[in-house]
Structure formats: C-alpha cells, structure tokens
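Below is one structure, written out as structure tokens; the observations come after it.
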Amino acid sequence: RPDATIRAAQFAEPVAAGDVAMRLLHGTPAIDGLFVVWDVPTMHVVRALRGARMTVPITTIDLGNDVAIELGLGGLVKGVGAQQPYDLGIAEATAMIMALVEEEPPPWIVIPALSVNRANVRESYEAVWHAPAPPSLLKALDEGPGDDAAPEDGKAAP
C-alpha cells in the first residue's frame, strides 16, 4: 500500500511490549494503528495505552481470552487474524498418519487465519477453541462497545 508507512519495533519479553509501544508512539506521532504479535503482548500494549489515555486501534494474531473480551467490549483491539492451533494439529496428525501408512502427505500444510472482529468474536472463539465461549466473553458482548472506542482521529482520548 503506497499510502501506508510501516514502523517496526521489537520487544524481547512480552511484558515489555507496552513500554516499546509507548516509545514508538511518542517517537512517531502519526501512527494510526498498531499490529502487536500475540495475545499477551497485545494486552500489555492495551494497558499501557489506557494508562496514557490513548486510543490507538490494535490488531493481533492470537484469540486468547483477554483479547476476545477486549474485542467483545469494543475496546482497543479491533481485529484478530486468529491462528487455529486445534485445526492445524488435526492437519498435522493426518499428515503423520499418512506418512506412517506410506501415503504421501501434502508437501505444504497450512490453516488460514480466521478473520475476527466484534461482530463474529463469539462464533470465532468457538471455532478456534472448539469450546463454548466463556461467560466473560458473553458478558463483554452484552455490555456493548466500551467507553474507549477510538475517536475520529484515532489518537487520544479526550
């Protein structure tokens, strides 16, 4: 996308993600959104942004409980490209069984990410985890969008 500029920052430990994100945001004021890898670092970034009274939309790739709840509340997490570890395990086990019975497994096995947003988070959670959505997620969905929905400019809470 020629209209997008990407800035990257790294963290060595998940607990450092919030501090790293804050340094990135303070050093680059025109950031319109964040991609944070995995659910635990994402929630550290959410807490750091809230502590700074900033509302920058976030996307990630893990649909853990806390990320699902944040998404359900209409909070800072706006979307997830959810990994599907259960289904990937089934695909890999199938390939292993094929190899054991001397059938040729496919040379490449992949399970596509599941696109998750607030509208489909319950169904997506159940599809990813092969389990009912937890009561905490159902409660978050009932409560509706949170108070920290991003303002028009996506920058800071009033």
Side-chain angles (χ1 to χ4, degrees), residues 1 4-93 96 108-141 143 145-151 153-158:
R1 292 199 35 191
T5 301
I6 297 176
R7 304 279 188 247
Q10 297 177 347
F11 52 87
E13 298 293 328
V15 297
D19 292 337
V20 169
M22 294 310 298
R23 283 195 302 275
L24 179 67
L25 288 165
H26 290 303
T28 314
I31 291 179
D32 296 321
L34 295 171
F35 167 78
V36 182
V37 69
W38 308 311
D39 57 339
V40 172
T42 295
M43 293 312 298
H44 284 288
V45 172
V46 166
R47 285 188 285 280
L49 288 171
R50 285 208 175 105
R53 298 187 41 80
M54 297 175 73
T55 56
V56 178
I58 300 171
T59 60
T60 188
I61 59 168
D62 264 348
L63 189 59
N65 285 346
D66 292 339
V67 165
I69 291 166
E70 183 70 15
L71 190 57
L73 286 169
L76 296 174
V77 176
K78 302 301 181 188
V80 178
Q83 301 175 57
Q84 300 185 67
Y86 186 99
D87 294 332
L88 183 56
I90 290 171
E92 290 172 349
M96 179 191 68
W108 183 260
I109 299 171
V110 65
I111 301 294
L114 183 61
S115 180
V116 186
N117 57 41
R118 187 174 190 280
N120 70 356
V121 67
R122 177 183 181 167
E123 296 80 12
S124 297
Y125 185 98
E126 292 173 352
V128 166
W129 295 106
H130 291 255
S136 53
L137 175 54
L138 301 177
K139 181 180 178 194
L141 287 165
E143 289 178 8
D147 293 336
D148 62 351
D153 66 3
K155 297 292 185 249

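Values reported hereafter were calculated over all heavy atoms of this structure, with side chains retained and with hydrogens, waters and symmetry mates removed. Bear in mind the structure is a predicted one, so any value in this text is a computation, not a measurement.
Between Pro134 and Asn65, some side-chain heavy-atom pair lies under the 4.5 Å cut-off. A heavy-atom distance below 4.5 Å is not found between the side chains of Asp32 and Pro57. No side-chain heavy atom of Val20 sits under 4.5 Å from any side-chain heavy atom of Gln10. Proximity of Leu49 to Met22: side-chain heavy atoms (C-beta onward) are separated by under 4.5 Å at one or more points.
Separation of atoms CZ (Arg122) and CG (Leu71) is listed at 14.5 Å; rounding is to 0.5 Å. One finds the CG atom of Leu34 at 8.5 Å from the CE atom of Met54 (value rounded to the nearest 0.5 Å). The line from CG of Leu24 to NE2 of His26 is 10.0 Å long, rounded to the nearest 0.5 Å. The CZ atom of Arg47 sits 10.5 Å away from the OG1 atom of Thr42 when rounded to the nearest 0.5 Å.
One N or O on the side chain of Arg118 and one on the backbone of Leu141 form a donor-acceptor pair closer than 3.5 Å. Side-chain atoms of Gln83 never come within 3.5 Å of backbone atoms of Asp62 as a donor-acceptor pair (strictly under, hydrogens ignored). When atom types are taken as modelled, the side chain of Thr60 and the backbone of Val36 share a donor-acceptor pair closer than 3.5 angstrom.
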Run the numbers on Asp19 and His44 for side chain to side chain donor-acceptor pair (under 3.5 Å), then give the verdict. CA-CA 8 Å; Asp19 292 337; His44 284 288; over 6 Å; no
Should Ile58 and Phe35 be marked as a side chain to side chain contact (heavy atoms under 4.5 Å, CB included) after you check the CA-CA gap, both sets of side-chain angles, and the distance that decides it? CA-CA 6 Å; Ile58 300 171; Phe35 167 78; over 6 Å; no
Evaluate side chain to side chain contact (heavy atoms under 4.5 Å, CB included) for Ser124 paired with Leu63, printing each intermediate quantity in order. CA-CA 9 Å; Ser124 297; Leu63 189 59; 4.3 Å; yes
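The aromatic rings of Phe11 and Trp38 stand perpendicular to each other, their planes meeting at an angle above 60°, with 30° marking the opposite boundary.
Summarising the geometry of Gly72 relative to Val121, their closest heavy-atom pair is CA-CG1, 4.3 Å, with the distance given to 0.1 Å. Minimum interatomic distance between Ala17 and Val45 (heavy atoms only, all atoms of both residues): O-CG2, 3.5 Å. Ser115 approaches Asn120 most closely through the heavy-atom pair O-ND2, 3.0 Å. Here the closest heavy-atom approach between residue Val40 and residue Pro14 is recorded as CG1-CB, 4.0 Å. Nearest heavy-atom pair across Asp87 and Ala127 is OD2-O, 4.4 Å.
Partner Met43 forms a side-chain contact (heavy atoms from CB on, under 4.5 Å) with one of Asp66, Leu76, Ile69 and no other, that one being Asp66. When each of Leu137, Val116, Leu138 is checked for a side-chain contact (heavy atoms from CB on, under 4.5 Å) with Tyr125, only Leu137 meets the rule.
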